[in-house]
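To start, the structure under review is shown below, and the notes come after it.
Chain letters run A, B, ... following the sequence lines, proteins first and then strands; every chain starts at 1. Nothing here was measured: the structure is a model prediction, and the numbers come from that model.
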Amino acid sequence: MPDLAAPLIAWYRENARDLPWRQPGFGAWGTLVSEFMLQQTPVARVIPHLEGWLQRWPTPTALAADPPAAAVTQWANLGYPRRALWLHRAAVEIRDRHAGVVPREVDDLLALTGIGDYTARAVAAFAYGDRHPVVDTNTRRVLARAVDGRSQPGPPSKGDLAAMAAILPADSAEAAIVNAAAMELGAVVCTARAARCDACPIADRCAWRAAGHPDTGDTRRRQARYEGSDRQARGAVLQALRGAVGHALADAAVIPDWSDPAQRDRAIDSLIADGLVEASGGTLRLPH
DNA sequence: GACCCGTGGTG
DNA sequence: TCACCAAGGGT
């Protein structure tokens, strides 16, 4: 396999975007919060929310001292509000199990609520500088193209970590840069729709480009339609409860005019099951 | 491994 | 317009 690390590092040093979590001394808690927010939410939408969150809760212990409702409200419209709940749970776990310090070991990070293969290694590599493969959707696409000669990656698998580990330099600081560079390249150059191969630092050693950019098919599952979905109903319920800041709402007063009453009830039940909503005495509120 | 989970920008 | 896409993770 051609050396991908060296050109990636050189390109990243010249072209990396100036993002908040890349500031020196941003800290492991800041990194952890940003990674939670970045799970399936675009960078541009995360940035405006990050500073306010960290100002309100500068440490895991500070967040853990407030009720989950505060986290879900502060989360605002970032989407997938379960992440706010899980981030709060992770903060409690960090306080109780790690004396309020974001752990450094991947296994300890993986044991926290809401942290999986990507986020655990992102924190260990970017906040603590340790040598781990970090694989997100951008990296998977870059590797699928450059190494496998495919237009899109296959389904996520454990093999993704090994594939990334195979191109990491021995030095841990350089390895962290290669991880970040692969993500960055996928985000701004080797994008899902129209790859800008003219601006790519590894175009001369890209298997996909060498093969003439074949369309090798797309195994990804189609995202379900949002309009009319249960997710939309859940979102509407939660938005109503967020607006009620703290106090409970009568069950019947929550999105009363929803076109599908059965779907409304189903949404509320599933939110209760997730722990995002509390029901008591015919009223609903965010969890305390 | 399949399916579920929000929200908004974009080509 | 509308399907696609986004620094994933839990069940």
Side-chain angles (χ1 to χ4, degrees), chain A residues 12 16-17 19-22 26 30-50 72 75-87 89-90 109-127 132-143 152-161 164 176 179-188 190-196 218-242 266-267 269-271 273-277:
Chain A
Y12 185 82
R17 290 169 295 174
L19 301 174
W21 44 90
R22 290 178 178 164
F26 193 68
T31 301
L32 183 60
V33 171
S34 70
E35 295 298 350
F36 261 87
M37 291 183 171
L38 288 163
Q39 290 170 4
Q40 294 286 280
T41 298
V43 166
R45 287 184 54 208
V46 165
I47 289 175
H49 290 272
L50 184 58
V72 173
W75 196 258
N77 62 341
L78 278 173
Y80 289 139
R82 292 198 290 196
R83 290 180 295 158
L85 189 63
W86 291 342
L87 177 53
R89 287 181 187 167
L109 288 160
L110 284 171
L112 299 173
T113 301
I115 293 189
D117 281 330
Y118 166 75
T119 304
R121 288 170 177 80
V123 170
F126 300 143
H132 302 283
V134 182
V135 178
D136 76 333
T137 185
N138 292 305
T139 296
R140 295 196 325 105
R141 184 172 53 250
V142 168
L143 292 176
Q152 299 290 343
S157 77
K158 292 296 182 185
D160 299 336
L161 288 176
M164 188 60 196
N179 280 314
M183 294 168 61
E184 185 77 354
L185 188 69
V188 303
C190 193
T191 53
R193 299 190 198 186
R196 298 171 44 223
D218 193 339
T219 59
R220 290 169 300 176
R221 206 173 65 87
R222 258 189 66 205
Q223 199 168 32
R225 180 180 183 82
Y226 183 64
E227 192 66 27
S229 68
D230 283 12
R231 280 193 293 173
Q232 185 184 35
R234 285 167 54 104
V237 170
L238 227 47
Q239 186 178 27
L241 293 179
R242 262 193 251 111
R266 190 163 65 241
D269 287 345
S270 71
L271 286 166
D274 285 348
L276 277 164
V277 170

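- When all heavy atoms of A/Arg17 and A/Ala187 are compared, the closest pair comes out as NH2-CB, 3.7 Å.
- Using a 4.0 Å heavy-atom cutoff across all strands shown, A/Ala122 reaches no nucleic acid atom at all.
- The stretch residues 75-87 of chain A touches DNA chain C through A/Arg82, A/Trp86, each having a heavy atom under 4.0 angstrom from the strand.
- Each of A/Arg242 and A/Ala224 was matched to the nucleotide of DNA chain B holding its nearest heavy atom; the match closer to the 5' end belongs to A/Ala224.
- Shown here are the side-chain contact (heavy atoms from CB on, under 4.5 Å) partners of A/Thr113, two or more places apart in sequence or in another chain: A/Trp86, A/Arg89, A/Glu93.
- Using a 4.0 Å heavy-atom cutoff across all strands shown, A/Arg234 reaches sugar-phosphate atoms only and no base atom.
- A/Asp218 meets the salt bridge (Lys or Arg N to Asp or Glu O under 4.0 Å) test with A/Arg220; sequence neighbours excluded.
- With DNA chain C read from its 5' end, the first of the two nearest nucleotides for A/Glu35 and A/Arg193 is the one closest to A/Arg193.
- Residue A/Thr191 is classed as having no contact, given no heavy-atom separation below 4.0 Å to the nucleic acid.
- Every residue was checked against the salt bridge (Lys or Arg N to Asp or Glu O under 4.0 Å) condition with A/Arg83, not counting sequence neighbours, and none meets it.
- Contact annotation for A/Arg141: backbone-only contact, meaning every heavy-atom pair under 4.0 Å involves sugar-phosphate atoms and none involves a base.
- Looking at residues two or more places apart in sequence or on another chain, you find a side-chain contact (heavy atoms from CB on, under 4.5 Å) between A/Asp230 and A/Gln263, A/Arg266.
- In this structure, A/Ser270 and A/Ser157 both approach DNA chain B, and ranking their closest nucleotides by distance from the 5' end singles out A/Ser157.
- Comparing C/dA7 with B/dA2, their P atoms sit 23 Å apart, to the nearest whole Å.
- Among the atoms of the strands shown, none is found under 4.0 Å from any heavy atom of A/Phe36.
- No engagement by A/Gln232 is indicated, since no non-hydrogen atom pair under 4.0 Å with the nucleic acid exists.
- By the side-chain contact (heavy atoms from CB on, under 4.5 Å) test, A/Asp160 is found to be paired with A/Val135, A/Arg140, A/Pro156, A/Ser157, residues two or more places apart in sequence or in another chain being considered.
- Chain A approaches DNA chain C within less than 4.0 angstrom (heavy atoms of the protein), and the contacting nucleotides run 5' to 3' from C/dA3 to C/dG10.
- Here the separation of B/dG6 from C/dT11, taken at their P atoms, is 14 Å to the nearest Å.
- Every salt bridge (Lys or Arg N to Asp or Glu O under 4.0 Å) that A/Arg22 has, sequence neighbours left out, goes to A/Glu184.
- With a cutoff of under 4.0 Å to any heavy atom of chain A, the contacted region of DNA chain B is bounded 5' to 3' by B/dC3 to B/dG11.
- Residue A/Leu19 is in base contact, counting any heavy-atom pair closer than 4.0 Å across all strands shown.
- Taking for each of A/Pro42 and A/Gly116 the nucleotide of DNA chain C with the nearest heavy atom, the 5'-most of the two is the partner of A/Pro42.
- Applying the side-chain contact (heavy atoms from CB on, under 4.5 Å) test to A/Ala181 and every residue at least two apart in sequence or in another chain returns A/Leu8, A/Tyr12.
- The side-chain hydrogen bond (donor to acceptor under 3.5 Å, both in side chains) search around A/Arg193 returns none, not counting sequence neighbours.
- Qualifying salt bridge (Lys or Arg N to Asp or Glu O under 4.0 Å) partners for A/Arg234, counting only residues two or more places apart in sequence or in other chains: A/Asp274.
- Going from atom CD1 of A/Ile115 over to atom CD of A/Glu35 covers 9.5 Å, rounded to the nearest 0.5 Å.
- Of the candidates A/Asn179, A/Val142, A/Asp136, A/Asn179 is the only one forming a side chain to side chain contact (heavy atoms under 4.5 Å, CB included) with A/Met164.
- Residue-level contact check: A/Ser229 touches neither bases nor backbone, having no heavy atom under 4.0 Å from any strand.
- Among the atoms of the strands shown, none is found under 4.0 Å from any heavy atom of A/Asp274.
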